[in-house]
Participant: 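Once you've had a glance at the structure underneath, I'll fire off some questions.
Just so it is clear: chains get the letters A, B, ... in the order the sequence lines come, proteins before strands, and each one is counted from 1.
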Amino acid sequence: GQNIDQPTEMTATEGAIVQINCTYQTSGFNGLFWYQQHAGEAPTFLSYNVLDGLEEKGRFSSFLSRSKGYSYLLLKELQMKDSASYLCAVRGLTGGGNKLTFGTGTQLKVEL
Amino acid sequence: DGGITQSPKYLFRKEGQNVTLSCEQNLNHDAMYWYRQDPGQGLRLIYYSQIVNDFQKGDIAEGYSVSREKKESFPLTVTSAQKNPTAFYLCATSPGRAEYEQYFGPGTRLTVT
């Protein structure tokens with residue numbers, strides 16, 4: 001099975017940098033995803049890591065260490081619109097290789 | 001334009017009634033998924049289908065049923081056997097095994113009283 005942990009809530013200041021951590025324990029690993037979800041809306045894809053290291057995409061970066069079962073999402077130059085829930089999801093090896101298990105999400109609040 | 005449609009956005013039902021949530025896609029994706037989301041909990045997988053006429057149970061399939069008669073459609077029926085049906089239901093698709101992310105529809109918020 002899969003177990004995914006991420007902090008429930010975080011608060012940061014506009015213009016700052018915030019790091020959202022995710023740790024996982026899985027019986028099989030085939031990639032880790034980060035999604036952003038605004039209240040009452042659908043999750044939208046942010047990033048994907050399958051190999052160790054950092055993936056950068058504009059203001060967002062994601063890091064993976066498979067040996068430690070650890071990932072983080074880094075958000076730079078925070079904007080008010082970044083206030084949302086950030087979901088960490090792990091793809092296992094069952095279900096045709098695209099079955100995702102989601103963490104409970106980290107609610108990020110960006111303040112002035 | 002391409003996308004995933006879930007209707008309606010809000011749905012209200014009386015306890016004891018079955019209700020079917022629709023999910024339609026024109027992305028030509030092979031795989032489709034149903035998740036439920038409750039406050040303070042992550043998305044939990046109900047059912048998924050990788051090809052037409054085939055589907056598998058997810059982690060919380062009890063009280064739900066699905067069909068996949070067409071590639072474009074994957075309706076979810078919430079039966080009266082589901083003890084806590086009130087939730088936000090999300091449908092997702094993905095192109096297939098070789099692709100990465102799942103794409104989500106706008107969701108249906110079901111309230112059963």
Participant: Measure B/Arg109 against the heavy atoms of chain A and call it side chain, backbone, both or neither at under 4.5 Å.
Facilitator: side chain
Participant: Between A/Val18 and A/Val110, is there a shared hydrophobic cluster once you connect ILVMFWY residues whose side-chain heavy atoms come closer than 4.5 Å?
Facilitator: yes
Participant: Do B/Tyr10 and B/Ile4 sit in one hydrophobic cluster, given that two such residues count as connected whenever their side-chain heavy atoms are within less than 4.5 Å of each other, even indirectly?
Facilitator: no
Participant: Quick one: pull up NZ in A/Lys99 and OH in B/Tyr33 and give me the separation to the nearest 0.5 Å.
Facilitator: 10.5 Å
Participant: According to a hydrophobic-cluster definition based on side-chain heavy atoms being under 4.5 Å apart (Ile, Leu, Val, Met, Phe, Trp, Tyr only), do B/Phe74 and B/Tyr64 belong together?
Facilitator: yes
Participant: Would you say A/Lys68 has more than 12 foreign heavy atoms packed within less than 6.0 Å of its NZ?
Facilitator: no
Participant: Does A/Glu77 CD have over 12 foreign heavy atoms under 6.0 Å away?
Facilitator: no
Participant: Say you draw a straight line from CG of A/Leu100 to OH of B/Tyr35; how long is it, rounded to the nearest 0.5 Å?
Facilitator: 4.5 Å
Participant: So for B/Gln56, is it side chain, backbone, both, or neither that comes closer than 4.5 Å to the heavy atoms of chain A?
Facilitator: neither
Participant: Report the option among A/Ala42, A/Gly40, A/Gly105, A/Pro43 that has the most heavy-atom pairs separated by less than 4.5 Å from atoms of chain B.
Facilitator: A/Pro43
Participant: Identify whether B/Leu11 and B/Leu90 are in the same connected component of the hydrophobic contact network (ILVMFWY, side-chain heavy atoms under 4.5 Å).
Facilitator: no
Participant: Please lay out, stage by stage, how B/Glu101 and A/Tyr48 fare under the test side chain to side chain contact (heavy atoms under 4.5 Å, CB included).
Facilitator: CA-CA 8 Å; B/Glu101 70 264 30; A/Tyr48 168 72; over 6 Å; no
Participant: Show your reasoning for whether side chain to side chain contact (heavy atoms under 4.5 Å, CB included) applies to B/Gln37 and A/Gln37.
Facilitator: CA-CA 12 Å; B/Gln37 188 173 35; A/Gln37 185 180 26; 2.9 Å; yes
